[in-house]
Visitor: 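Have a look at this one.
Order of the sequence lines sets the chain letters (A, B, ...), proteins ahead of strands, with each chain counted from 1. Small disclaimer: the values here were computed from a predicted structure and weren't measured. The figures that follow rest on heavy atoms only: side chains count, while hydrogens, waters and symmetry mates do not.
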Amino acid sequence: MSLREKLKSGKFVVTAEIGPAKGVDIHEFNENAELLKGRIDAVNCTDQQSAVMRLGSLVACHLLKQKGIEPVFQMTCRDRNRIALQSDLLSAYVMGVENVLCLTGDYVTLGDHPDAKPVFDLDSVSLLYAARQLEQGKDLAGKELKGTPKFFLGACVTPGADPVEPQLIKMERKVKAGAQFFQTQAIYEPKTFEAFMKEAKKFGVPVLVGIVVLRSAAMAKFMNKNVAGIHVPDELIDEMDKADNKLQKGIEIAARLINEMKSMCQGTHVMAIGLESKVPAILDATKL
Amino acid sequence: MIISELKPFPEILGYLDGDKKVFIVGCKGCAQVCQTGDEPQVLEMKQKLEEEGKTITGYCVIDFLCDKALVKTRLFPHEDEIDAADSLLVMTCGIGVQATAAVVNKLVHPAANTINVGGASGEWRGSERCRECGDCVLDLTGGICPLTACTKWLINGPCGGTKNGKCEVEPDVRDCGWHLIYERLKKLGRLDKMQTMPIVKNYAKMQPPKHLRSTIMWALEQQETKV
């Protein structure tokens with residue numbers, strides 16, 4: 001069953017992400033993919049995340065497909081203009097990649113090529129709109145296509161943003177533009193997420209709650225200081241700090257958060273960031 | 001000098017949909033030369049809007065609308081007229097619209113598109129910046145330009161990198177442009193505007209047409225090459 005069908009069936013969906021290699025050695029990518037196979041419903045391939053130049057996400061999706069894993073093609077608008085983005089959407093469809101997560105993308109100065117010229121010709125909303133246009137047999141210029149693609153379009157939202165209202169306004173724009181599912185930024189406070197879902201429910205699209213696995217108290221503090229929209233509460237930082245086995249504690253917290261929030265949404269998106277091999281352990285701990 | 005041209009009248013009328021009373025602001029700087037915001041254009045606009053059933057509570061033509069301090073002092077005697085208006089129509093470049101927005105607590109609508117900077121970007125500008133996109137959206141953003149206030153030039157709302165009202169690219173010094181827009185529209189009770197942005201921006205309008213690239217200096221250069 002595809003991600004679309006699974007979400008439609010009402011199943012609680014689990015997705016994870018793998019970052020393609022910085023270079024051409026894909027051993028680790030393949031190993032992680034094998035570990036996730038059969039355990040999760042789809043795997044996101046990140047698009048040069050944090051503006052760091054890497055192997056492309058579309059090729060990574062292709063590799064996953066070859067292994068029989070359902071990929072989610074992440075696309076950002078930082079590096080390509082509307083011509084290249086639309087072309088890559090067509091390529092994805094021809095390669096059998098249906099799920100596309102449409103993102104604006106991190107700014108270039110946050111990555112490893114700070115001197116690059118950023119593009120942002122389109123953004124998350126207009127990319128969704130462009131994909132929708134292609135599905136209707138026309139490109140953004142209104143020119144007709146030979147054969148029409150079909151996508152399952154995803155988008156991102158930050159439930160922990162303060163204030164959250166601009167996020168909800170943009171979420172509505174994304175739904176109107178074509179978003180069919182959401183994978184959220186990481187959230188560590190079930191109460192905040194519950195309040196967010198109360199508002200977001202009205203859009204009628206499935207939401208997969210984002211989980212970033214904690215590795216240490218320092219990592220949590222770093223995210224609090226530097227990553228927009230993420231807030232790890234002091235109790236969790238304390239818990240990580242006191243734990244002898246940080247890895248085990250991180251897994252335990254991730255599983256607990258999923259258990260606490262699973263009744264509020266339609267799935268979870270686990271961002272392990274380097275701990276991809278531990279995702280099965282998290283799922284074991286949640287009994288999903 | 002900043003070159004602007006008046007938007008089509010139906011577009012301006014569209015901005016004023018729902019607003020019965022309007023105060024008009026004109027500019028004697030570049031907008032005088034471009035004939036977009038001097039007294040004759042302001043009076044013509046006043047008449048056309050009155051014919052459409054609008055009440056013009058007053059108008060004011062200011063020397064340089066890019067100069068916020070000047071705008072504030074010149075608008076001061078018109079305080080009652082501005083208070084009586086639902087919104088302001090500003091007949092000048094994007095800098096002037098933003099400078100006006102910064103000193104009044106009303107929604108401002110741009111009457112012109114800024115199509116080319118034929119020199120300095122506003123003679124007296126402060127923090128306001130204009131990208132000369134040729135398709136002014138300041139009506140929808142509370143008079144704050146998303147193309148210059150947002151690091152990524154986003155037109156569809158804030159990205160995930162907004163934190164405590166700051167942009168994650170330069171969190172210590174740079175405000176999130178969309179946070180400013182959100183706060184302004186919220187204050188004006190017009191958050192509905194955030195749902196009405198054009199989804200895709202037409203960047204072709206950023207290319208100045210040939211007749212604008214052909215400045216007087218350009219014409220002189222052509223003469224010199226002929227000799």
Visitor: Please round to the nearest 0.5 Å and tell me the distance separating atom CG of A:Leu103 and atom SG of B:Cys159.
Guide: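 Separation between the atoms: 11.0 Å.
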Visitor: Within a reach of under 6.0 Å around CZ of A:Phe182, are more than 12 heavy atoms found that belong to other residues, nucleotides or ligands?
Guide: yes
Visitor: Which heavy-atom pair separates B:Tyr203 from A:Phe120 by the least distance, and what is that distance?
Guide: OH-O, 4.2 Å
Visitor: B:Asn156 and side chain to side chain donor-acceptor pair (under 3.5 Å): which single residue from A:Lys174, A:Lys170, A:Arg173 fits?
Guide: A:Arg173
Visitor: Taking the side chain from B:Lys152 and the backbone from A:Gly105, do they hold a donor-acceptor pair closer than 3.5 Å?
Guide: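 Checking the backbone N and O of A:Gly105 against the side chain of B:Lys152, a donor-acceptor pair under 3.5 Å is found.
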Visitor: At a 4.5 Å cut-off on heavy atoms, which part of A:Leu140 comes close to chain B: side chain, backbone, both, or neither?
Guide: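 For A:Leu140, side-chain heavy atoms alone lie under 4.5 Å from chain B.
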Visitor: Can you name the nearest heavy-atom pair linking A:Ser126 to B:Ile199, along with the distance?
Guide: CB-O, 3.3 Å
Visitor: With side-chain contact (heavy atoms from CB on, under 4.5 Å) as the criterion, how do A:Arg82 and B:Val200 come out once you've worked through the C-alpha distance, each side chain's angles and the decisive distance to 0.1 Å?
Guide: CA-CA 10 Å; A:Arg82 67 187 74 184; B:Val200 183; 3.3 Å; yes
Visitor: What option among A:Thr109, A:Asp121, A:Leu127 has the most heavy-atom pairs under 4.5 Å with chain B?
Guide: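 Between A:Thr109, A:Asp121, A:Leu127, the count favours A:Asp121.
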Visitor: Quick check on the interface: out of B:Lys201, B:Lys186, B:Lys166, B:Met197, who has the most heavy-atom pairs with chain A under 4.5 Å?
Guide: B:Met197
Visitor: Find the one option among B:Thr162, B:Ile181, B:Val169, B:Leu191 whose heavy-atom pairs under 4.5 Å with chain A are most numerous.
Guide: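 Of B:Thr162, B:Ile181, B:Val169, B:Leu191, B:Val169 has the most heavy-atom pairs under 4.5 Å with chain A.
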Visitor: Shortest non-hydrogen contact from B:Gly160 to A:Ala228?
Guide: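 Looks like O-CB, 3.1 Å.
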Visitor: Can you tell which part of A:Ser124 gets under 4.5 Å to a heavy atom of chain B, answering side chain, backbone, both or neither?
Guide: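 Neither the backbone nor the side chain of A:Ser124 comes within 4.5 Å of chain B.
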Visitor: Between A:Tyr107 and chain B, with a heavy-atom cut-off of 4.5 Å, which part of the residue counts as in contact: side chain, backbone, both or neither?
Guide: both
Visitor: Any side-chain heavy atom of B:Glu168 within less than 4.5 Å of one from A:Asn226?
Guide: no
Visitor: Please classify the contact of A:Pro118 with chain B as side chain, backbone, both or neither, using a heavy-atom distance under 4.5 Å.
Guide: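 Contact with chain B is absent: no heavy atom of A:Pro118 under 4.5 Å.
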Visitor: A:Val119 versus chain B, heavy atoms under 4.5 Å apart: side chain, backbone, both or neither?
Guide: neither
Visitor: Surrounding CD1 of A:Ile83 (heavy atoms of other residues, nucleotides or ligands, distance under 6.0 Å), is the total greater than 12?
Guide: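 12 or below, so no.
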Visitor: Examine whether an atom of A:Leu110 lies under 4.5 Å from a heavy atom of chain B, and if so say whether it belongs to the side chain, the backbone or both; otherwise answer neither.
Guide: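 Side chain only.
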Visitor: Pick from A:Leu128, A:Val227, A:Thr158: which one has the most heavy-atom pairs with chain B under 4.5 Å?
Guide: A:Val227
